[in-house]
Amino acid sequence: ATPDNEVFQRAMHQRGRQANVLSLLGYEGGLILARLAQEIAQTGYPAPEQIAALANYSFDSPRGRIVFDPHTHFSFGPQYAVAIEPNEQG
């Protein structure tokens, strides 16, 4: 387990939740939004060059390094086969 994964697991546990692939994707989305908010903090709105800078953004997530493709703006990272099974929480 990576240090980022341990932080993520601990945060989920503190909220009484068990980490799963959906919570992981939401967490990663939050990291991306936090970066964008940091970029636009000075102006209050996203300037074109700030949006363009996100195309080269990369970060460490609980599942490993996430990078953006500068042409498609899609994010890529380590992928794992998962199965979602219902439990008492849903």
Side-chain angles (χ1 to χ4, degrees):
T2 67
D4 293 307
N5 190 33
E6 291 172 8
V7 169
F8 171 65
Q9 294 279 344
R10 199 168 32 255
M12 292 300 295
H13 180 74
Q14 289 172 347
R15 288 163 178 77
R17 305 295 300 219
Q18 184 172 349
N20 62 42
V21 67
L22 299 177
S23 59
L24 169 67
L25 294 173
Y27 184 84
E28 289 178 350
L31 292 173
I32 295 165
L33 288 174
R35 173 60 185 235
L36 180 58
Q38 185 180 37
E39 287 287 326
I40 65 173
Q42 292 180 356
T43 61
Y45 59 90
E49 61 272 9
Q50 292 167 319
I51 298 298
L54 286 176
N56 297 312
Y57 178 50
S58 63
F59 63 97
D60 291 318
S61 86
R63 64 181 166 134
R65 191 90 177 143
I66 306 297
V67 298
F68 281 82
D69 181 289
H71 302 291
T72 65
H73 299 138
F74 291 161
S75 63
F76 295 93
Q79 298 185 18
Y80 304 91
V82 298
I84 300 174
E85 297 179 7
N87 63 17
E88 65 278 351
Q89 293 179 334

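Here the shortest heavy-atom pairing between V67 and S58 reads CG1-CB, 3.7 Å. When all heavy atoms are compared, the tightest approach of F59 to E28 is CZ-O, 4.2 Å. Considering all non-hydrogen atoms of both residues, G77 and I66 come closest at CA-CD1, 3.7 Å. Contact record, P62 with N5: O-CB, 3.4 Å, taken as the closest heavy-atom pair. Closest approach of Y27 to V7, counting heavy atoms only: OH-CG1, 4.1 Å. In terms of heavy atoms, I40 sits closest to P46 at CG2-CA, 3.3 Å.
Counted within 6.0 Å of CZ on F74, heavy atoms from surrounding residues, nucleotides or ligands total 12 or fewer; the atom is thus considered open. With a 6.0 Å radius and a threshold of 12 heavy atoms from other residues, nucleotides or ligands, R65 has its CZ atom above the threshold. Within a 6.0 Å radius of NE2 in H13, no more than 12 heavy atoms belonging to other residues, nucleotides or ligands are found. Sparse packing is recorded around CD of Q79, with 12 or fewer heavy atoms of other residues, nucleotides or ligands lying under 6.0 Å away.
Between the CD atom in Q9 and the CE atom in M12 there is a gap of 8.5 Å [rounded to 0.5 Å]. To the nearest 0.5 Å, the span separating OG on S23 from CZ on F8 amounts to 3.5 Å. Between the OG1 atom in T2 and the CG atom in D60 there is a gap of 8.0 Å [rounded to 0.5 Å]. Note that the CD atom of Q18 and the CG atom of N20 stand 7.5 Å from one another [nearest 0.5 Å]. The CG atom of L25 sits 9.0 Å away from the OG atom of S61 when rounded to the nearest 0.5 Å. A distance of 13.0 Å separates CG in L36 from CG in L31, rounded to the nearest 0.5 Å.
In this structure, R63 contributes its side chain and P78 its backbone to a donor-acceptor pair below 3.5 Å. Q50 contributes a side-chain N or O that, together with a main-chain N or O of E39, makes up a donor-acceptor pair within less than 3.5 Å.
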ask   = Step by step, would you call F68 with L54 a side-chain contact (heavy atoms from CB on, under 4.5 Å)?
value = CA-CA 8 Å; F68 281 82; L54 286 176; over 6 Å; no
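Of the charged side-chain nitrogens involved, none lies within less than 4.0 Å of a carboxylate oxygen, so that E6 and R10 do not count as a salt-bridged pair.
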